[in-house]
Amino acid sequence: MHPLRKLRESGSATPAQVSVLLAENVVFNSPILARSIQGREAIAAIFAQSSSTRGSGTYTAEYKIDERTTFLRWEGTMDGHKIESLEIIVDNEQGLIVERTIALRPFPAVKLFRDAMYATLKDKLPPDVWDYPTQA
């Protein structure tokens with residue numbers, strides 16, 4: 001079992017608990033953000049918050065693609081609506097996460113999730129991760 005999955009299934013993961021699983025320059029790619037985000041501190045906050053925000057659910061599949069790459073599938077609910085995710089996690093030689101890419105569906109549940117994440121993390125992340133810059 002991947003260490004991130006194990007931590008998430010253990011209950012409420014704190015940013016400090018997530019942080020020890022992440023490489024310093026970890027990259028996170030998510031459809032709820034306008035761009036990729038990098039850095040242990042910011043990503044630890046995102047991962048810890050998402051565990052409590054996304055509602056109930058369970059991992060339904062885990063496959064090792066190669067020695068450093070893991071595929072996970074998760075199904076659950078967001079405000080009572082079905083939500084699913086597929087993710088690819090890449091670890092370095094030390095077993096720390098260097099990249100995580102996630103896909104979520106369906107869009108209405110993803111929007112509920114994104115809005116809830118924004119409400120709790122808007123002041124902890126750069127504004128340009130939430131939306132595209134406006135042009136004058």
Side-chain angles (χ1 to χ4, degrees):
M1 180 182 298
H2 193 277
L4 182 62
R5 174 185 176 183
K6 187 175 185 176
L7 177 60
R8 294 182 92 149
E9 288 183 342
S10 73
S12 299
T14 66
Q17 290 171 312
V18 174
S19 183
V20 300
L21 303 177
L22 306 176
E24 185 175 337
N25 292 321
V26 59
V27 174
F28 180 50
N29 306 294
S30 171
I32 72 165
L33 302 174
R35 65 172 176 84
S36 297
I37 191 162
Q38 183 175 346
R40 182 184 292 141
E41 185 177 335
I43 294 175
I46 294 168
F47 290 5
Q49 184 61 50
S50 71
S51 292
S52 60
T53 299
R54 66 183 180 171
S56 63
T58 186
Y59 285 96
T60 60
E62 178 172 339
Y63 302 101
K64 291 291 283 181
I65 295 171
D66 59 39
E67 69 179 44
R68 293 191 191 153
T69 309
T70 303
F71 169 85
L72 294 170
R73 182 169 190 260
W74 180 87
E75 294 180 356
T77 60
M78 180 65 204
D79 291 344
H81 302 281
K82 183 178 179 176
I83 188 169
E84 298 175 273
S85 70
L86 306 173
E87 61 187 278
I88 301 290
I89 300 172
V90 180
D91 300 324
N92 63 16
E93 291 177 359
Q94 292 76 38
L96 299 176
I97 298 170
V98 293
E99 184 175 16
R100 181 176 177 223
T101 301
I102 191 164
L104 298 160
R105 70 163 298 277
F107 179 74
V110 175
K111 184 173 180 342
L112 292 171
F113 176 67
R114 186 232 188 250
D115 292 348
M117 290 291 288
Y118 176 79
T120 58
L121 293 173
K122 65 183 175 190
D123 297 327
K124 296 178 181 164
L125 299 176
D128 70 333
V129 304
W130 295 110
D131 211 341
Y132 296 120
T134 57
Q135 297 187 8

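What you see is a predicted model, and the numbers here were worked out from it, not measured in a lab. Side chains included, hydrogens not; waters and symmetry mates left out as well; all remaining heavy atoms used.
Minimum heavy-atom separation, Arg5 to Met1: CD-CG, 3.7 Å. In terms of heavy atoms, Ala44 sits closest to Val18 at CA-CG1, 3.8 Å. Taking all atoms of both residues into account, the shortest heavy-atom contact from Trp74 to Ile83 is CZ3-CG2, 3.5 Å. Of all heavy-atom pairs spanning Asp131 and Arg114, the tightest one is N-NH2, 4.4 Å. When all heavy atoms of Ala109 and Met78 are compared, the closest pair comes out as O-CG, 3.8 Å. When every heavy atom of Ala13 is checked against every heavy atom of Leu7, the shortest pair comes out as CB-CG, 3.7 Å.
Remark: Arg100 engages Glu87 in a salt bridge, criterion side-chain N to carboxylate O under 4.0 Å. The pair Arg105-Glu84 counts as a salt bridge, with a side-chain nitrogen and a carboxylate oxygen less than 4.0 angstrom apart.
Residues His2 and Ile89 have side chains in contact (heavy-atom distance under 4.5 Å, counting atoms from C-beta outward). At a threshold of 4.5 Å between non-hydrogen side-chain atoms, the residues Arg35 and Pro126 count as touching. Side-chain atoms of Lys64 and Thr69, non-hydrogen and from C-beta on, never get closer than 4.5 Å to each other. Using a 4.5 Å heavy-atom threshold, the side chains of Leu4 and Lys6 count as separate.
Cluster partners of Val90, using a side-chain heavy-atom cutoff of under 4.5 Å among ILVMFWY residues and allowing indirect links, are Tyr63, Ile65, Phe71, Leu86, Ile88, Val98.
Heavy atoms from other residues, nucleotides or ligands lying under 6.0 Å from CD of Glu93 number 12 at most. Within a 6.0 Å sphere centred on CD of Glu62, other residues, nucleotides and ligands contribute more than 12 heavy atoms. The neighbour count for Glu75 CD, taken as heavy atoms of other residues, nucleotides or ligands under 6.0 Å away, is above 12.
Residues Ile46 and Leu96 fall into different hydrophobic clusters, defined by Ile, Leu, Val, Met, Phe, Trp and Tyr side chains chained together at heavy-atom separations under 4.5 Å. Follow the hydrophobic side-chain contacts under 4.5 Å out from Phe47 and you reach Trp130 in the same cluster. Hydrophobic clustering, with ILVMFWY side chains joined whenever heavy atoms are under 4.5 angstrom apart, groups Ile102 together with Val26.
Partners of Phe113 according to the ring-ring contact (aromatic ring centres under 6.0 Å, His included) rule, which considers only residues two or more places apart in sequence or in another chain, do not exist here.
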- Item | Verdict with supporting geometry, Leu112 and His81, side-chain contact (heavy atoms from CB on, under 4.5 Å) | CA-CA 9 Å; Leu112 292 171; His81 302 281; 3.6 Å; yes
- Check the pair Ser50, Arg8 against side-chain contact (heavy atoms from CB on, under 4.5 Å), reporting the backbone distance first and the verdict last. CA-CA 10 Å; Ser50 71; Arg8 294 182 92 149; 2.6 Å; yes
